[in-house]
Enquirer: 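Structure in C-alpha cells, see below.
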Amino acid sequence: MGKSSKDKRDVYYRLAKEQGWRARSAFKLLQLDEEFNLFEGVHRAVDLCAAPGSWSQVLSRKLAENHVKNPQEEEPKIVAVDLQAMAPLEGVIQLQGDITKKSTADQIISYFEGELADIVVCDGAPDVTGLHDMDEYIQAQLLLAALNITTHVLRPGGAFVAKIFRGKDITLLYSQLKIFFPTVTCCKPRSSRNSSIEAFIVGQGYRPPEGYTPTMVNPLLDMNYDGMNELVGPNRVIVPFLACGDLNGYDADRTYPLESTHTALDPLQPPITAPYKTAMQLKRNNFYNKVNAK
C-alpha cells in the first residue's frame with residue numbers, strides 16, 4: 001500500500017483548515033458556483049441544515065464580495081437554519097428551528113423584512129445506515145422538506161441547491177423538481193468522492209405552478225394542481241449531469257503525501273455538542289472494559 005494512512009490526509013479536509021473553512025464541504029458549493037455563477041446579484045440567502053456552517057461561510061464571503069462591487073445595493077442578509085446549535089458566524093443570522101414547520105418559514109421572511117430569498121441552499125443529509133435504499137429514501141424526503149419550505153421563502157426566478165443521493169429511482173425526484181424549476185441540473189463536484197452516491201441538484205428560475213399555494217404538507221403527494229400531469233412518464237425526463245471543478249485540481253478519491261514541513265492543524269470550529277464526547281469520557285473511565293469483562 002506504500003505509505004501508511006498516517007502519512008496521508010484528505011486534501012480537501014486539509015485545505016479547509018488552511019483556508020479557514022469549517023468543513024471541506026465548502027469546496028462543493030464553491031465548485032457549483034464556478035459552474036453556475038449562483039451568487040450573481042444575490043442579496044438574500046437561506047442555508048438549510050446549516051451546521052457546522054461551511055456553506056454559510058461561503059454565502060457570507062460571496063455576498064460580501066457582491067456588496068463591495070455594488071455598495072449602492074442593499075446589504076446582504078443570510079439566514080442559517082438548523083435543529084442543532086451552531087457556532088456564531090459574522091454576517092449570518094442563525095435560526096435554530098425545524099424546516100418542516102411554517103413558523104420557521106415565517107421567521108426567515110421576518111429577518112428579510114417581508115422580502116423573499118434570492119437563493120436557498122441545503123447540504124443536509126441523514127445519518128446513513130449503510131442500507132442504500134433506505135438512505136436514498138430518507139435523503140429524498142429531506143430534500144422534499146427543503147423544497148417545501150423553499151416554496152415559502154424563495155422569490156420567483158430564484159435558485160435552489162440541495163444534496164441528493166443518486167439512486168435507481170431518482171428520475172421521479174427529477175420530475176417533481178421540474179414542476180417548480182424549468183431548469184434542473186444534477187451535478188457532481190470534484191471535491192465529492194466518486195465512490196459516494198452523493199450529488200447536488202441545482203434548480204434555476206423558480207416558477208411554481210399557476211395557482212399553487214405553499215403549504216407545509218408534501219406539495220408533491222398531498223396536493224392536486226395542473227402541474228401534476230408533468231409527473232406522467234418520469235423516465236422521459238432527462239436531467240443534465242455535470243462534473244464541477246477544475247480537472248487539474250485535487251481528486252477527492254485520492255490521498256496525497258504530506259510534505260515534511262507540514263504542521264498539523266486543529267479543527268477551525270470544534271463541534272459544540274459532539275456525541276462522541278460521551279463515548280470518549282466512558283472510555284477514559286474504563287467503562288467498556290468493565291462491560292466486556294462481565
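Just so we're clear, the structure is a prediction, and the values are computed from it rather than from any experiment.
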Enquirer: Treating Q96 as the side-chain partner and L83 as the backbone partner, does any N or O pair qualify as donor plus acceptor under 3.5 Å?
Expert: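 Such a contact is found between Q96 side chain and L83 backbone.
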Enquirer: Please check if the side chain of E115 supplies one atom and the backbone of S110 the other of a donor-acceptor pair under 3.5 Å.
Expert: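 Not at all, since once roles are kept as given, no pair shorter than 3.5 Å links the two residues.
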Enquirer: Without swapping roles, check the side chain of D82 against the backbone of A50 for a donor-acceptor pair under 3.5 Å.
Expert: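 Here the side-chain-to-backbone pair exists.
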Enquirer: Does any part of the side chain of I149, heavy atoms only, come nearer than 4.5 Å to the side chain of I108, both counted from C-beta?
Expert: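 Result yes, sub-4.5 Å side-chain heavy-atom pair found.
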Enquirer: Any chance you could measure R155, atom CZ, to F112, atom CZ, to the nearest 0.5 Å?
Expert: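 Here the rounded value is 11.5 Å.
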Enquirer: Counting the benzene-type ring for Trp, do W55 and F200 have ring centres under 6.0 Å apart?
Expert: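 Distance test on ring centres: under 6.0 Å, yes.
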Enquirer: Would R44 and L116 count as a side chain to side chain contact (heavy atoms under 4.5 Å, CB included) if you check the C-alpha gap in whole Å, the side-chain angles of each, and the deciding distance to 0.1 Å?
Expert: CA-CA 7 Å; R44 296 179 297 275; L116 297 176; 5.7 Å; no
Enquirer: Assess whether side chain to side chain contact (heavy atoms under 4.5 Å, CB included) is satisfied between L147 and F181, documenting all intermediate values.
Expert: CA-CA 11 Å; L147 175 63; F181 298 92; 3.8 Å; yes
Enquirer: Counting C-beta onward and ignoring hydrogens, is there a side-chain heavy-atom pair between Y174 and C186 closer than 4.5 Å?
Expert: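 Sidechains of C186 and Y174: in contact.
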Enquirer: Considering all heavy atoms of both residues, which atom of T150 and which atom of A146 are nearest to each other, and what is their separation?
Expert: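 Looking at all heavy atoms of both residues, the shortest contact is OG1-O, 2.6 Å.
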Enquirer: Can you tell me which residue among S191, S54, S192 is in a side chain to side chain donor-acceptor pair (under 3.5 Å) with S25?
Expert: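 With S25 as partner, S191, S54, S192 yield a single side chain to side chain donor-acceptor pair (under 3.5 Å), made by S54.
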Enquirer: Is it the case that the side chain of Q31 and the backbone of R190 share a donor-acceptor pair, with hydrogens and angles ignored and the cut-off at 3.5 Å?
Expert: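 Yes, because the side chain of Q31 sits within donor-acceptor range (under 3.5 Å) of the backbone of R190.
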Enquirer: Mind checking whether V58 and F39 have side chains closer than 4.5 Å, heavy atoms only?
Expert: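 Heavy-atom side-chain distance check passes, below 4.5 Å.
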Enquirer: Side-chain heavy atoms under 4.5 Å apart, restricted to Ile/Leu/Val/Met/Phe/Trp/Tyr: what other residues fall into the cluster of I138, or is it alone?
Expert: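 Its cluster mates, by chain and number, are L131, M134, Y137.
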Enquirer: Under 3.5 Å, is there a donor-acceptor pair between the side chain of D47 and the main chain of C122?
Expert: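 Not a single qualifying donor-acceptor pair exists.
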Enquirer: Atom CD in E74, atom CG in L63: separation rounded to 0.5 Å?
Expert: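 Output value for this atom pair is 9.5 Å.
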Enquirer: Does atom CD (E18) have a neighbourhood of more than 12 heavy atoms from anything else shown, all under 6.0 Å?
Expert: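 Yes, because the 6.0 Å sphere around CD of E18 holds more than 12 heavy atoms from other groups.
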Enquirer: Are M86 and S56 close enough that some pair of their side-chain heavy atoms sits under 4.5 Å apart?
Expert: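 Yes - at least one pair of side-chain heavy atoms lies under 4.5 Å apart.
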Enquirer: Can you list the residues that meet the salt bridge (charged side-chain N to carboxylate O under 4.0 Å, His left out) rule with D106, with sequence neighbours excluded?
Expert: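 Testing D106 for salt bridge (charged side-chain N to carboxylate O under 4.0 Å, His left out), a comparison that skips the adjacent residues, returns K102.
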Enquirer: How many angstroms lie between atom CG of L29 and atom CG of L38, to the nearest 0.5 angstrom?
Expert: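 That separation rounds to 6.5 Å.
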Enquirer: Compare all side-chain heavy atoms of I179 with those of P209 and state whether any distance is below 4.5 angstrom.
Expert: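 In short, these two side chains touch, coming nearer than 4.5 Å.
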Enquirer: Do V120 and V153 touch side chain to side chain, with heavy atoms closer than 4.5 Å?
Expert: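 Side chain of V120 against side chain of V153, heavy atoms only: contact under 4.5 Å found.
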Enquirer: Can you tell me how the ring of F180 sits relative to the ring of Y212, calling it parallel under 30°, perpendicular over 60° and tilted otherwise?
Expert: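 Because their plane-to-plane angle is over 60°, the rings of F180 and Y212 count as perpendicular.
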Enquirer: Please round to the nearest 0.5 Å and tell me the distance separating atom NZ of K178 and atom OG of S175.
Expert: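 Here the interatomic distance stands at 9.0 Å.
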Enquirer: R61: which residues meet the salt bridge (charged side-chain N to carboxylate O under 4.0 Å, His left out) condition with it, sequence neighbours left out?
Expert: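 Applying salt bridge (charged side-chain N to carboxylate O under 4.0 Å, His left out) to R61 gives none.
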Enquirer: Between R22 (side chain only) and A87 (backbone N and O only), is there a donor and an acceptor less than 3.5 Å apart?
Expert: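 Side chain of R22 to backbone of A87: a pair is present.
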Enquirer: Can you tell me how far CZ of R24 sits from OH of Y12, rounded to the nearest 0.5 angstrom?
Expert: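 Interatomic distance, Y12 OH to R24 CZ, rounded to 0.5 Å: 9.5 Å.
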Enquirer: Do you know which of E40, E35, E34 makes side chain to side chain donor-acceptor pair (under 3.5 Å) with N37?
Expert: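 Answer after filtering E40, E35, E34: E40.
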Enquirer: Measure the spacing between CZ of R284 and CD of Q281 and express it to the nearest 0.5 Å.
Expert: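 Reported value, rounded in 0.5 Å steps: 5.5 Å.
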Enquirer: Check step by step if side chain to side chain contact (heavy atoms under 4.5 Å, CB included) holds for L32 and V121.
Expert: CA-CA 11 Å; L32 290 170; V121 300; over 6 Å; no
Enquirer: Considering only heavy atoms from C-beta outward, does the side chain of N66 approach that of N70 to under 4.5 Å?
Expert: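 Contact flag for N66/N70 side chains = no.
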Enquirer: Please evaluate residues E73 and H43 with respect to the criterion side-chain hydrogen bond (donor to acceptor under 3.5 Å, both in side chains), reporting the C-alpha separation (whole Å), side-chain torsions for both, the decisive distance (0.1 Å), and the verdict.
Expert: CA-CA 9 Å; E73 297 186 355; H43 307 289; 2.9 Å; yes
Enquirer: Can you name the side chain to side chain contact (heavy atoms under 4.5 Å, CB included) partners of R207, sequence neighbours left out?
Expert: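 Applying side chain to side chain contact (heavy atoms under 4.5 Å, CB included) to R207 gives P182.
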Enquirer: Among all residues two or more places apart in sequence or in another chain, which pass the side-chain hydrogen bond (donor to acceptor under 3.5 Å, both in side chains) test with T129?
Expert: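 Counting only residues at least two positions away or on another chain, T129 forms a side-chain hydrogen bond (donor to acceptor under 3.5 Å, both in side chains) with D135.
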Enquirer: For the backbone of R193 and the side chain of K188, can you confirm whether one donor and one acceptor N or O come within less than 3.5 Å of each other?
Expert: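 Yes.
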Enquirer: Answer yes or no: is there a side-chain heavy-atom contact under 4.5 Å between V81 and T104?
Expert: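 V81 vs T104: side chains touch.
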Enquirer: Could you tabulate the donor-acceptor pairs under 3.5 Å formed by side-chain atoms of residues 159-166, not counting sequence neighbours?
Expert:
from	atom 1	to	atom 2	distance (Å)
K163	NZ	D123	OD1	3.4
K163	NZ	E198	OE2	3.1

Enquirer: Evaluate the criterion side chain to side chain contact (heavy atoms under 4.5 Å, CB included) for residue pair I99 and L142; output intermediate values, then yes/no.
Expert: CA-CA 9 Å; I99 66 171; L142 178 60; 4.2 Å; yes
